[in-house]
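Remember, predicted model here, so these are calculated numbers, not experimental data. A note on names: the letters A, B, ... follow the listed sequences, proteins ahead of strands, and every chain is numbered from 1.
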Amino acid sequence: MADIGQMTGAAPIPTRDSGLEAELRVRRGGFALDVILTVAPGEVVALLGPNGAGKSTALRLLAGLLPLDDGRVRLGDVVLEDTAARVRLAPERRRVGVVFQDYLLFPHLSARENVAFGLRARGSDRAEARRCADSWLERVGLAEYAGERPRQLSGGQAQRVALARALASEPRLLLMDEPLGALDAGTRLSVRADLRRHLADFDGATVVVTHDALDAFVLADRLVVLENGCVVQEGTPTDVARHPRTDYVAQLVGLNLYRGLAAGGTVTLDTGATLSTAHPTSGPVLVAFPPTAVVLHRHRPDSSARNSWPARVTALEQHGDVVRVRLTGEIDAAADVTALSVAELGLEQGASVWAAVKATETSVYPA
Amino acid sequence: MNATSRSASDARRTTGLPAPLVPLAGIALLFLGLPVLGLVVRTPWTTLAEVLTRRESLDALRLSLVCASLATVLCLVLGVPLAVVLARGHFPGRGLLRAVVTVPLVLPPVVGGVALFTAFGRRGIVGRPLDEVFGVTLPFTTAAVVVAEAFVAMPFLVIAVEGALRGSDRRYDEAAATLGASRWYTFRRVTLPLVAPGVAAGAVLCWARALGEFGATITFAGNFPGTTRTMPVEVYLTLQQDPPAAVALSLLLLVVSVAVLAGLRDRWLTSAR
């Protein structure tokens, strides 16, 4: 697991004496989490994964809200936790800021008092904490809301207050749990852009937990994909989007993904079907192509430069102005077609079609 | 009553009240309301002012208010920490501890008074060393009134605060910890303010219970005018010699209690989230 960066072709993270280095291992009943995470100062890493993958658990472990069963967490030159050395700093002694999913702004305190809370707790005098809180509220554009109680703030405003509160006590590590999860679609867009700007200004390490691919792709410098408590893929957003390694990631980025064995320009898939590819390789590979590359025909297409196979339509879903057609057959795939094609081809559940993909549209990379 | 005939004639009504319950409920209402109404009706309005301004009445009222308030303060100082331990602590025997807390709730107050003797009496478990070492004796003093009232009333506060703590979101405490707040700071600035309505409701209940306390008080603190004779005791004694005056005093207590209840109701309504 330590050489995942190398495996996926992502740039290896230089070892530094600052930033976060964590080996997190816990077991809770049938669930086990085993994650190695490195985040450089100023870097934003998104911990991406489906519900129940262990993202939030990882975040709670980093914050010290849950104890490790085994492993260690180092932040800069401070060891936050080390099970072998029996070191464990309580959450209040870690320089870690957390933005919780539903923000958890203290309902009985004003926005200013919320932001000043950490400073006051660490011993700043009232005037100093207040001044600092006001400057933070100004930075997130909420100066005029300083006196408001959290319940009077909108979702987006509460999110910014929560961010200001977490950053005001100058953490070296910022943890965000589904930072945009509680917002409606309209607010999300602007808050996401704002958040990206604030994260760019923050010079500490940032870990953002999310199950939303778009949030991860916009906010993060690097993605760490978690499934069933393990890291299954790690890399830059572009790299992950281009070369998904699991069905979950492929689905997130909207690609058809297959495992197989390459020999020259032909890949024999695990299911026994074959796909022609443009770049000859050999050995175990992953093959990916976008749904837009799949062309549907009523009869067997003539062109020999294409991969084609008979398939049956299992579902039709409207996605904006395209219709996503789910196909089952020799190769299960998703195809994006226009509404016109649906009408012309007479597509409906159970309809028989021929699917075709050009070899040049496929992307092949080592498994 | 006519509810029976109406439900029979009204065919559309399918989920009406079971007929036999209605007259019984009416009797219950009368049973609860009539005595209170009687108190108001039978109050000797002409001599009311005279009775209430008697020296004994004023002494008893002052003593009652002071002792109930002191008992409430005592309950807050000791009961809130106990409620926190019960709600947030993790240790074996917590269930047993909660049972111990609720015992004074179900104990007949007179038995409570006797129990207090066994603990704080001159020959009591704590009372004897207290007497021998410091020369302090508790029974039959004003302090004994406070102790008796606190003993009987504290469970009300503890249960109210514990319930509020259980209902409050512990993740706020976690948020405070990630902001660098010590546990004590978190308790003062976050935990306690968040359950403040529960504490207030508990304190009011506690105060009302302490104000009306009779059995444990008269047993453990006795009946000395000016030092241990509280309003309920005064009412009881007055009833033996001068029933109309007892009614007048009772009305006073009733007014105080209803005022407290009204205050509590407002508190509950305004703190409703």
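- Annotation: cation-pi pair Arg122(A)/Phe117(A) absent, no NZ/CZ under 6.0 Å from the ring centroid and within 45° of its normal.
- Among Arg94(A), Arg165(A), Glu113(A), the residue making the largest number of heavy-atom pairs under 4.5 Å with chain B is Arg165(A).
- Residue Leu105(A) touches chain B through its backbone alone, counting heavy-atom pairs closer than 4.5 Å.
- A donor atom on one side chain and an acceptor atom on the other are not found under 3.5 Å apart for Tyr103(A) and Gln159(A).
- For a residue to count as touching a neighbouring chain, one of its non-hydrogen atoms must lie under 4.5 Å from one of that chain's; by this rule Arg60(A) touches chain B with the side chain only.
- Phe187(B) is linked by a ring-ring contact (aromatic ring centres under 6.0 Å, His included) to Trp184(B), counting only residues two or more places apart in sequence or in another chain.
- Tyr172(B) has its side chain within reach of Val190(B): a pair of non-hydrogen atoms, C-beta onward, lies under 4.5 Å apart.
- When each of Thr186(B), Thr178(B), Asp169(B), Leu179(B) is checked for heavy-atom pairs under 4.5 Å with chain A, Leu179(B) comes out on top.
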